[in-house]
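Reviewing the structure listed below.
Letters A, B, ... mirror the listed sequences (proteins, then strands); counts begin at 1.
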Number of protein chains: 2
Amino acid sequence: MKKENTSQGVKEIARRANVSTATVDRVLHNRTGVSEKTKKRINEIIKELDYQPNLLASRLASKKIISIAIVIPSVSEETDFWEAPLRGVRRAEAEIKQYGVSTQVFFFDLNDKDSFSGKIAEVLRGDFQGVLISPSYIEETTKFAAECELRKIPFVFIDSNIPELHSLSYIGPHLFKSGYVGAKLLTYRLERDKKILIINISKEIDNFNYQKIEEGFRSYFQDRGQSGEIVRIDIRETDYQSVARHLTYVFHLNKDIGAAFVTNSRVHTVASFLKNSHRTHVSLIGFDFISENVAYLENNVIDFLICHRPEDQGYRGIMALYQTLVVNAQVSKLSYMPIDIVTKENYEFYHN
Amino acid sequence: MKKENTSQGVKEIARRANVSTATVDRVLHNRTGVSEKTKKRINEIIKELDYQPNLLASRLASKKIISIAIVIPSVSEETDFWEAPLRGVRRAEAEIKQYGVSTQVFFFDLNDKDSFSGKIAEVLRGDFQGVLISPSYIEETTKFAAECELRKIPFVFIDSNIPELHSLSYIGPHLFKSGYVGAKLLTYRLERDKKILIINISKEIDNFNYQKIEEGFRSYFQDRGQSGEIVRIDIRETDYQSVARHLTYVFHLNKDIGAAFVTNSRVHTVASFLKNSHRTHVSLIGFDFISENVAYLENNVIDFLICHRPEDQGYRGIMALYQTLVVNAQVSKLSYMPIDIVTKENYEFYHN
DNA sequence: GCAATTTACGGGCACGTGCCCGTAAAGGTA
DNA sequence: TACCTTTACGGGCACGTGCCCGTAAATTGC
């Protein structure tokens, strides 16, 4: 019921080394003002005792506040996907606020590259010790990463990754495998000799993410030696009218499409089209647990949603920075999220 | 970069109330020795300031250690399922050890009611402020819960629930819906007019858990007006030989079984049987991400595993007790885990 | 009315760490 | 030698809370 009473921590080290706690403190934070000799002696004792600083006392005594910037897309009419990571960020924040961590969120417009540039510039102008960012634009992110590296500011990528940049960590899906799983699920309701349609709806052109998903998707069929015809279409406008126009055309050209795979969360737009054009026999699969999609899941228009625990991504992203900046612990560089399969039957229990 | 310098907390309350911090402290911990008048005055100020105690300082100053008992089945040769919740418990422990929380795990033998009774008696003999328990035996758990209530010790159920008892929280699956999802998945590969076999392998007789799963399973078919024949079998021995014997008999009687649904994690035993008897055309679904099952998932013998984030269950269980005992916060009484669908294609990313 | 007890409160140390400030000693410059 | 700078360290307060101990004041008993 009582804690053991052995004197602990810095004091004990100081006692053994015949120095004051201030000197030990200097060694621990490798500040100047300690002779090599005593420094070595103290370090040995630290190792010997396997000293772990008391975070409680440390954070209590310290007046430093650690600020983390979060750069993510704003919730748009098109998608409320980023609500979930934001919830995770808030949850993490509430947990570690006590330790003197504060966060500031910068929302950019996913359809506007300039707003992204603007926000990262704003972050760099501010005084942040860590950054959690969704690297939506490669070129801009690359510049940003270089600047962070220069200033020794750790940054974490969530939801999509740019492996070449030295992020502290990537937290998000394994895209290739997600596509692979999507293909597997598609085959369940797919009738023989029917065509498969891959739909990519996105304003961005350099979407290497979707490529990886598509590769995974196709590789499933290659692995099984199945080579039913796969049609693909890129749609560069995200509004319903444009999507419907393109799809009408594709379905006109290909009468025997049995299944459609949408490479991102805009599957609800396709679902809407399928429903309106009475094509609900087409098996439909897409990504992300957003309310519009869930509605069509409920309707049986969407068969499966593939999800990557967006809330957890936000939570883990902040926690990774916390581990690095406060606890001074290692974090794994690559943290792939589970590929969750959400259906009409289990969605009500899906957390986020 | 610096924390604001406004004097905070107990001191500020004391200053405003014209009393010492000790008196405020007495009110906060409603100890005796404060007149009604000042008590009221202080409470008003506390409310006004919306005072939140600083956990860091509180835990640092306090010498009290909070002990939590965990009562779960040991990992047996039959299943390593409980490894995962234990990992979650350990993870939570590591996180909150700093706050003076210690845990002690009591393993019982899932096939031995007496070992369960023995362990809960041991817990009651010890000095624990909270209990996380898998309520495997109803009668014994009921007695235990009564005793806990008497002593005002909060207890949390994980993995299975006994709703009548006043647990602080239940953390685990919604069994009915899990069965429902199982049925949905089973239909994907099921050919028309084939029979479905429900297999229940368990030594325990009063397994109301399995009943709920089976109800959910059957209700899926009822909802859809499908009434393909469903055969069920109870097997009271868990070793392979016994299971194989029973199954041989059932498959002999029913030549046209197209799918099998196992109501718990022993699906690997059935998988083994199906493989050995060259019946892998039978669609097979069961529960839990344990290594034996994953092996058969990899083999294509098991089609789907339904999982309930066992590691998370352990983690959340401890955290619920921590919230109650240390933070003094509310926790939700019912915390259903997601019904995760695990396949050959996505299992490698499943966290636990 | 006086001693004994109880009530109601304040003073102040402790928890382990961070960090400011002071200072003796060593070294450098004229 | 006198004065200044640098190095190497110790003293000690602060963070916000818990809680022991001491003590006036109020209450009780006779």
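- For the residue pair B:H308/B:Q313, the side-chain donor-acceptor check at 3.5 Å is not satisfied.
- For the helix from C:dG1-D:dC30 to C:dA30-D:dT1, the terminal axes (five pairs an end, C1' atoms, rotation from four pairs onto the next four) enclose an angle of 50°, given to 10 degrees.
- Between B:F157 and B:Y170, the gap from one ring centroid to the other reaches at least 6.0 Å.
- Between A:Y51 and C:dT17, a side-chain N or O to OP1/OP2 separation shorter than 4.0 Å is present.
- Of the listed nucleotides (D:dG18, D:dT17, D:dG10), D:dT17 has the atom at the smallest distance from the side chain of B:K11.
- By the 30° and 60° cut-offs, the orientation of the rings of B:Y336 relative to A:F349 is perpendicular.
- When the side-chain contact (heavy atoms from CB on, under 4.5 Å) test is applied to A:R90, the partners found at least two apart in sequence or on another chain are A:L86, A:E93, A:T103, A:V105.
- The residue B:N54 sits close only to the backbone: its heavy atoms come under 4.0 Å of sugar-phosphate atoms, none of a base.
- A:T141 contributes a side-chain N or O that, together with a main-chain N or O of A:Y137, makes up a donor-acceptor pair within less than 3.5 Å.
- Side chains of A:E95 and A:Y315: a donor on one and an acceptor on the other come within 3.5 Å.
- Out of D:dG12, D:dG10, D:dC19, the shortest distance to the side chain of A:T21 is found at D:dG12.
- Picking from D:dG10, C:dT17, C:dG10 the nucleotide with the shortest atom distance to the side chain of A:S20 gives D:dG10.
- Within residues 26-42 of chain B, the residues having any heavy atom under 4.0 Å from DNA chain C are, by residue number, B:R26, B:G33, B:V34, B:S35, B:T38.
- Ring orientation note: the planes of B:Y322 and B:Y99 are tilted relative to one another, at an angle of 30° to 60°.
- Between B:A61 and B:T23, the residue anchored closer to the 5' end of DNA chain C is B:T23, taking for each the nucleotide with the nearest heavy atom.
- OP1 or OP2 of D:dG18 sits under 4.0 Å from a side-chain N or O of B:S58.
- A perpendicular orientation is assigned to the rings of A:F108 and A:F116, their planes being inclined by more than 60° (bins at 30° and 60°).
- Nearest to the side-chain atoms of A:L60 among the listed nucleotides D:dT17, C:dT17, D:dG16 stands D:dG16.
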